[in-house]
*Asks:* 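This is the structure I have questions about; it appears just below.
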Amino acid sequence: MAFEFKDRRVVVAGASKGIGRAIALGFAEAGAKVSICARGPEALEATRKEIAKFGGLAHAESCDLADAAAISRYIPSAAKAMGGIDVLVNNATGYGLGDDEAAWEASIDVDLLATIRASRDALPYLGKASGASIINIASGSGLRPSVRTPAYGAAKAAVIHYTQTLAAQLAAKHIRVNCVAPGSIEFPGGWWEMRKTSEPELYKATLANCPMGRMGKARRWRTWSCSWPRPWPAG
């Protein structure tokens with residue numbers, strides 16, 4: 001069954017490459033209007049052009065998701081370009097992969113606070129939509145101890161908890177909030193592709209722990225298992 005998102009308005013925060021790019025292209029292929037943001041203008045524009053090839057509206061804007069003011073500018077701009085927002089996908093990460101102050105700051109500012117801030121700024125638009133949804137991208141690192149990446153793992157665990165809380169808060173407003181926690185994902189220019197050459201033993205050890213013998217790939221699916229949900233029933 002085709003996944004039908006025709007004319008739905010989707011924001012993907014952190015979408016110039018990797019998982020975010022694949023999500024944005026998947027929505028575009030299903031007929032959605034898509035707005036994306038990221039810091040790097042060149043990769044952002046390249047992804048916007050890929051989105052536009054599917055024939056729908058493709059909006060992109062540079063945004064430092066560690067900057068609250070930048071988020072508050074981007075979300076209304078995306079809503080204006082698309083005529084509203086039906087879906088918000090919080091995908092950005094600060095790649096805070098160590099245990100020093102910089103790693104903790106990046107993880108809290110981008111992985112956690114950007115998710116909170118974008119959700120808050122999008123709520124006025126989501127509240128006017130039918131069947132609105134927020135999707136937060138966490139990580140398997142947020143579900144178990146993360147010795148190599150404590151800052152990243154803790155921030156993703158907080159995203160998971162925040163998702164549950166926000167889902168309870170917004171249920172009465174008929175806004176669904178869900179979280180996806182991927183495992184190790186490999187894509188061009190991504191963290192695991194770089195580790196393949198810079199830390200081959202770590203790459204091999206991680207690969208050996210993957211049940212299917214390979215890491216996940218950041219790519220859109222051409223077929224989907226369901227269609228866009230009907231609006232919430234009245235009452």
*Asks:* Holding to side chain to side chain contact (heavy atoms under 4.5 Å, CB included), I want the full list of residues that pass it with Ile108, two or more places apart in sequence or in another chain.
*Replies:*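 By the side chain to side chain contact (heavy atoms under 4.5 Å, CB included) rule, Ile108 matches Leu112, Leu113.
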
*Asks:* What residues form a side chain to side chain contact (heavy atoms under 4.5 Å, CB included) with Gln169, not counting sequence neighbours?
*Replies:* Thr165, Leu166

*Asks:* Looking at Ser77 and Arg73, would you say the former's side chain and the latter's main chain have a donor-acceptor pair under 3.5 Å?
*Replies:* no

*Asks:* Could you give me the CA-CA distance, side-chain angles and deciding distance for Met82 and Leu57, then say whether side chain to side chain contact (heavy atoms under 4.5 Å, CB included) is met?
*Replies:* CA-CA 7 Å; Met82 298 187 295; Leu57 186 146; 3.8 Å; yes

*Asks:* Using atom types as modelled and distance alone, determine if a side-chain donor or acceptor of Asp86 lies under 3.5 Å from a backbone N or O of Arg8.
*Replies:* no

*Asks:* Should the pair Tyr74 and His59 be assigned to parallel (<30°), tilted (30 to 60°) or perpendicular (>60°) ring geometry?
*Replies:*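 Ring orientation, 0 to 90° scale: parallel.
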
*Asks:* Is it true that Arg48 and Glu45 make a salt bridge, defined as a side-chain N closer than 4.0 Å to a carboxylate O?
*Replies:*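 Yes, this pair counts.
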
*Asks:* Could you go through the side chain to side chain donor-acceptor pair (under 3.5 Å) check for Thr115 and Asn136 one step at a time?
*Replies:* CA-CA 7 Å; Thr115 294; Asn136 298 326; 4.8 Å; no

*Asks:* Is the backbone of Ser16 close enough, under 3.5 Å, to the side chain of Thr47 for a donor and an acceptor to pair up by distance?
*Replies:*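 Present.
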
*Asks:* Could you tell me which residues satisfy side chain to side chain contact (heavy atoms under 4.5 Å, CB included) with Ala138, sequence neighbours excluded, listed by chain and number?
*Replies:* Lys156, Val159, Ile160, Cys179, Ala181

*Asks:* Going by side-chain contact (heavy atoms from CB on, under 4.5 Å), Val34 matches just one of Phe54, Phe5, Phe27. Which one?
*Replies:* Phe27

*Asks:* Does Tyr95 offer a backbone N or O that forms a donor-acceptor pair with the side chain of Thr93 under 3.5 Å?
*Replies:*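 Answer holds: yes.
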
*Asks:* Has Thr149 got a side-chain atom pairing as donor or acceptor with Tyr152's backbone, closer than 3.5 angstrom?
*Replies:*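 Absent.
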
*Asks:* Quick one: which of Ile137, Leu65, Ile134 gives a side-chain contact (heavy atoms from CB on, under 4.5 Å) with Asn90?
*Replies:*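 Testing each of Ile137, Leu65, Ile134 against Asn90, the sole residue satisfying side-chain contact (heavy atoms from CB on, under 4.5 Å) is Ile134.
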
